[in-house]
Amino acid sequence: MKPLFYLSAILSYLLPLALPLFQMSFQFLYEPRVNGYENQVPWPSLDWTSWNEGSYQKEVENWLHQNMGLRGWMVRFDNQLNLSLFRELDQQKNIIVGRNQWLHDKGYIDPYMGKDKVPDQQLENSVKQMRIVQDLLAQHQVAFLFIMSPNKARVYPETLPDGYLNPKKTNYESLMELLKKYGVHFIDGNASLIEFKRTSPYDVFVRGGVHWSHYGACLFTQKLVLEMEQLLHQKLGILDCSVSQVDYQPTGTDRDYATLLNLLTPEYAIGPTAHPKATWSHPKKVLNVLEIGSSFLHNINDLITNPLTRQLDFYYYYKRNIPYRSSSQSIPPKEEFKSVLLQKDIVLLENNEGFLFNVDFGFLEDALYALQH
Amino acid sequence: MVFSSEIFLFLFLPGFLLVYYGAPSRLKNVTALMGSLVFYVWGAPTFIVLILISNSVDYVLSQKIELHQKNVFSKVYLTLGILLNAGVLLYFKYSNFLVEEINTVLNNLGFNALPWTSIALPIGISFLTFQKISYLLDVYRQTTAPAKTLVDYMLYVLFFPQLIAGPIVRYHDISTQLHERSHRLEDVLEGAFRFTMGLAKKILIADSLGYVADQIFGMEVSSIPTHYAWLGIMAYTYQIYFDFSGYSDMAIGLARMMGFGLLENFNYPYLAANISDFWRRWHISLSRWMKEYLYLSLGGNRKGSSRTYVNLWLVFVVSGLWHGANWTFLLWGIYHGFFLVMDKLFWLKLSKRLPKVLNIGITFFIVMLGWVIFRSENVLFSWEYLKILMGQSPTTSSNLLLVEIINNRAKLVLSLAMGFSWIPLTWFGEQIKNRLQEAQVLLVIKGWLAVILLFLSTSTLVNSSFHPFIYFRF
């Protein structure tokens, strides 16, 4: 009996060690996939140099890390344990769990707290360039508008966990002062959403989303359209943001961070979500728009592309073109940039607090070069 | 590969154990050696040839030493063996450091730096070298007969459980077991449990505290407030203990799963009553090596008090340097050597009059301050850090919030780490120990604990390196 007991005990221990490999090879158990993007690691090719340098081994280990069986369960279990016992996630993850299950991104909390302050001179240089580009574009009847996307930590500071403070001057505050000083056309998402939060019965950010809610984005787009109408001296249409439904079923960006939690119980950080009608009256499909910016523009583009634009190029972080309504898949070379710019009705440069160390993603230098030559 | 990695836990270990348990007894040593070679080659493919040649030379030299026991050649072969092994260690471990220091001096004097390409450090070289030297010395001293076969010797040197981080094994501790060991199911189970405990110590405790310590020690020293400095060194004090002892547990556990019994390497070091006692409890295999092969070779305590103190101090200088090629390790060794000499001079007598708890507290404090030197990047940082600990910080606040440095889980882990380190001192600890002597209870508890800890550790390990983005990154 005793040997049998020991043998069973040993197998109970050793078999779980072999399970991930079996699962990876045969996928005999149901396993939820992990949510979120990772740079996919291909299986490396073996050669003498990569073996000797150790790079082959590292790549194999990275590949195994991404493809090991039962990973979905292990990640979810650990996240669930941390959340249930400690109300937080692994200390190296960027997701911060705030009060009332409000999720925040450390990348937005840090600038809100005044960390990583960019020298004012650097910001000032960027703003000066913006003004020059604005003026050069204006000479060709192309409007320019800078969009400061809102920061969830700034709009909803009461949802931050204990211990997070905002005592210092931040890049955002410096930038707003400079934009006013140099007369750059801009629209302040933080101020706008703080105002909407005050006047609206619904949340303009939601618990489980890192971006503005669909409702918040709709309200902001109303304001954006008004601003564009002023700059372009024409009516563009009226966007109806009245709420058709409030439920606990956020979709898309309204639950992007909640999805990234990768939990065993998926309903964490899901709160009341207002779904706006987002319908247009008298839209004028006339605009040729160039956008340079971040993922915050997706919510705006979902609202304006079909009703208002005949062409919309979105240079995502000025790295690649997401052609919302465009024939082009890439950012044009320098020699063609001027003609692309001058064909536009309006250029929208957007950024958020998490990225103000690079206010324009490198766009302004290329635009200046193109417009001055 | 390291023990706390997915490739080791889910691929190498189950695969190796399957092959090892399936191999007939006469082939188990070869199987263990093959596994060890795969383990080493995976981590350091460029050095395996050097290691194999070096081991073969040792093996031949040991045969020669035994053959020439009655004449001077045995000493010649011994000296040759020690020089070759020490030379390899000195070259790979210290030449980068030496050249850097020489170049710093040359640059300061306005001369050109010496041309030099950094050399990579073979994994486990410090442990390997000490084992190899101890083997040759033991053969010379006739403490042990030389290895019967080259396979035996290779296995002794390259045995993967203790290859990377010890314990440092003397050949005579293992020589009988190479040919006469049993593979009892109880040993496999105990080994598995011990391995799991070590894995949990490393992943659940050490890595968690390491994050805290790294945050604080990574700050500009002038921006560290005093309370952060204390948090940092507390975290590091327990990180290094649980990391190192965890690794030893894993090594001892893995060895036991293969029927080998390795000696213990840690014995509640933070309960030491004085520094001498600390070194009987911390990295025991290193202390033993230093005593048997260096201290005694220098004359030990046989040449008068002054020489004894010098020998003690020298041993710790070497011990410090063995840990790494940096002035901080040398300083750390000097620091401990100093307190050891103080022990011998007066402290051991004086401390007998003090309460045990006070002695333990004082020793812990001394050791903890020593870790500041050990952990620091350079001597200046350690000096500034020590000043900050004493209240001389230029700042009382920091850009890095406390909540960002230590989260709720890490706070619990730090508390548990302190508790586990100190609990044997208490009545409660004694009671637990007594209860756990009841065999049946122990088995059941151990079994469940092993399964739970294994799952917790592997989940934490897999999740700790998973950092998804919302969107695809270009």
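Numbers restart at 1 for each chain; the letters A, B, ... are given by sequence-line order, proteins then strands. Just so we're clear, the structure is a prediction, and the values are computed from it rather than from any experiment. The figures here come from the full heavy-atom set of this structure, side chains too, leaving out hydrogens, waters and symmetry mates.
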Could you measure the distance from the [atom1] atom of [X] to the [atom2] atom of [Y]? Nearest 0.5 Å is fine.
| X | Y | atom1 | atom2 | result |
| --- | --- | --- | --- | --- |
| A/L17 | B/T458 | CG | OG1 | 8.0 Å |
| A/E53 | B/T46 | CD | OG1 | 10.0 Å |
| B/S465 | A/Q66 | OG | CD | 10.0 Å |
| A/R71 | B/F10 | CZ | CZ | 12.0 Å |

Locate the shortest heavy-atom distance separating [X] from [Y]; write the atom from each residue and the value.
| X | Y | result |
| --- | --- | --- |
| B/S459 | A/F77 | OG-CD2, 3.5 Å |
| A/K115 | B/N399 | CE-O, 3.0 Å |
| B/V41 | A/Q57 | O-NE2, 4.0 Å |
| B/V462 | A/H65 | O-CE1, 3.5 Å |
| B/F466 | A/K93 | O-NZ, 2.7 Å |

For this session: Determine whether B/N463 and A/N79 make a side-chain contact, defined as any pair of heavy atoms from C-beta on separated by less than 4.5 Å.
Result: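 Yes, their side chains come closer than 4.5 Å.
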Exercise. Which one of B/S208, B/A120, B/A450 has the most heavy-atom pairs closer than 4.5 Å to chain A?
Worked result: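 Answer, by heavy-atom pair count under 4.5 Å with chain A: B/S208.
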Exercise. Out of B/T196, B/L456, B/L461, which one racks up the most heavy-atom pairs below 4.5 Å with chain A?
Worked result: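 The option with the most such pairs is B/T196.
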Pick one of side chain, backbone, both or neither for [X], based on which atoms fall under 4.5 Å of a heavy atom in chain B.
| X | answer |
| --- | --- |
| A/M113 | side chain |
| A/N35 | backbone |
| A/L81 | side chain |
| A/N94 | neither |
| A/K58 | neither |
| A/N52 | both |

Exercise. Does the pair A/K106 and B/E404 meet the rule for a side-chain contact (heavy atoms from CB on, under 4.5 Å), with working shown?
Worked result: CA-CA 10 Å; A/K106 195 164 183 314; B/E404 295 176 286; 2.8 Å; yes
Among the listed options [options], the residue most often paired with chain B at heavy-atom distances under 4.5 Å:
| options | result |
| --- | --- |
| A/P16, A/P20, A/G114, A/P161 | A/P20 |
| A/L21, A/D90, A/L260 | A/L260 |
| A/Y56, A/Y257, A/W51 | A/W51 |

For this session: Show your reasoning for whether side-chain hydrogen bond (donor to acceptor under 3.5 Å, both in side chains) applies to B/T460 and A/D78.
Result: CA-CA 6 Å; B/T460 301; A/D78 192 56; 3.2 Å; yes
With only heavy atoms counted, which part of [X] is less than 4.5 Å from chain A, the side chain, the backbone, both or neither?
| X | answer |
| --- | --- |
| B/L17 | side chain |
| B/Y21 | side chain |
| B/L189 | both |

Problem set entry | Atom CH2 of A/W48 with >12 non-hydrogen neighbours under 6.0 angstrom |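 No, because the 6.0 Å sphere around CH2 of A/W48 holds 12 heavy atoms or fewer from other groups.
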Exercise. Is the count of non-hydrogen atoms from other residues, nucleotides or ligands lying under 6.0 Å from A/F22 atom CZ greater than 12?
Worked result: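 No - once you tally the heavy atoms of other residues, nucleotides and ligands closer than 6.0 Å, there are 12 at most.
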Exercise. Looking only at atom types and distance, does a side-chain atom of A/E88 sit under 3.5 Å from a main-chain N or O of B/N408, one as donor and one as acceptor?
Worked result: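 Yes: the side chain of A/E88 pairs with the backbone of B/N408.
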Problem set entry | Residue-level interface, residues 410-417 of chain B with chain A, non-hydrogen cut-off under 4.5 Å |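 Listed by number: B/A410, B/L412.
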